[in-house]
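Keep in mind that the numbers below use all heavy atoms, side chains included, and drop hydrogens, waters and symmetry copies. Residue numbers begin at 1 in each chain, while the letters A, B, ... track the order of the sequences.
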Amino acid sequence: QKEVEQNSGPLSVPEGAIASLNCTYSDRVSQSFFWYRQYSGKSPELIMSIYSNGDKEDGRFTAQLNKASQYVSLLIRDSQPSDSATYLCAVNIEETSGSRLTFGEGTQLTVNP
Amino acid sequence: EAGVTQSPTHLIKTRGQQATLRCSPISGHTSVYWYQQALGLGLQFLLWYDEGEERNRGNFPPRFSGRQFPNYSSELNVNALELEDSALYLCASSAVWTNYGYTFGSGTRLTVV
């Protein structure tokens, strides 16, 4: 089982729609969760962090966390063509050798005008 | 405030050679992380340095090594280069472990021929 799994893409939505990106993780003790956006040929950019169960909203982005189900999601409302990118879910994994931020393989999102 | 800076932007090496990649963290950040992103793959954790010490290491062979200098800048060395080492190498920094997420540099594209 992968430590962080994201729903397989690519995901295509029309402009103005809601894009839903999902992520599950295996480490039950993880406390910190992040969503990164990576444009083609660029480095990842942090767009959301979430630490507590429930929803966290920032502009058009909403992150949702359910630790009991080990599930994190990202909703993008009113999707724009500029949102077209790969979205990476990242989870802080604690292990005896130290902690590390572990990434899923990403979901490629395309927003069609 | 300057972000995470990496050099060089591109590096072409011959199989069997050594490559040295450099990273300067955001001012005030003491932790530096190295990741490998091979084409079409997710980010794979390589190394974490904090306060000059190696804190954690990913599942990579010993020919991947590095160090952190007193000014918190870091160097990644890859010895005995293999063709499959061709990838984007990303450096990130953070202020307090991983709780606040990482800020990534623009990366070094290493090509082994």
| message | Counting neighbours of CG on B/Asn59 that are heavy atoms of other residues, nucleotides or ligands and sit closer than 6.0 Å, is the number greater than 12? | response | no
| Should we say atom CZ of B/Arg15 is surrounded by more than 12 heavy atoms from elsewhere, each under 6.0 Å from it? | no
| message | Given heavy-atom pairs under 4.5 angstrom as the criterion, report whether the side chain, backbone, both or neither of B/Gln37 touches chain A. | response | side chain
| task | Examine whether an atom of B/Leu90 lies under 4.5 Å from a heavy atom of chain A, and if so say whether it belongs to the side chain, the backbone or both; otherwise answer neither. | result | side chain
| In terms of heavy-atom proximity below 4.5 Å to chain B, should A/Tyr36 be classed as side chain, backbone, both, or neither? | side chain
| Given a strict heavy-atom distance threshold of 4.5 Å, which part of A/Gln6 is in contact with chain B: side chain, backbone, both, or neither? | neither
Between [X] and [Y], is there shared hydrophobic-cluster membership here, with clusters defined by ILVMFWY side-chain heavy atoms closer than 4.5 Å?
| X | Y | answer |
| --- | --- | --- |
| A/Leu75 | A/Phe61 | no |
| B/Trp48 | A/Ile93 | no |
| B/Tyr89 | B/Ile26 | no |
| B/Val32 | B/Leu88 | no |
| A/Val4 | A/Phe34 | no |

| field | Backbone of B/Gly105 reached by a side-chain donor or acceptor of A/Ser43 within 3.5 Å | value | yes
| Does B/Tyr35 have its ring centroid less than 6.0 Å away from the ring centroid of A/Phe103? | yes
| field | Closest non-hydrogen atom pair between B/Phe45 and A/Arg100, with its separation | value | CD2-CD, 3.7 Å
| Do you know which two heavy atoms are closest between B/Leu43 and A/Pro44, and how far apart they sit? | CD2-CG, 4.0 Å
| message | A side-chain contact here means heavy atoms from C-beta on lying under 4.5 Å apart; do B/Tyr102 and A/Leu46 qualify? | response | no
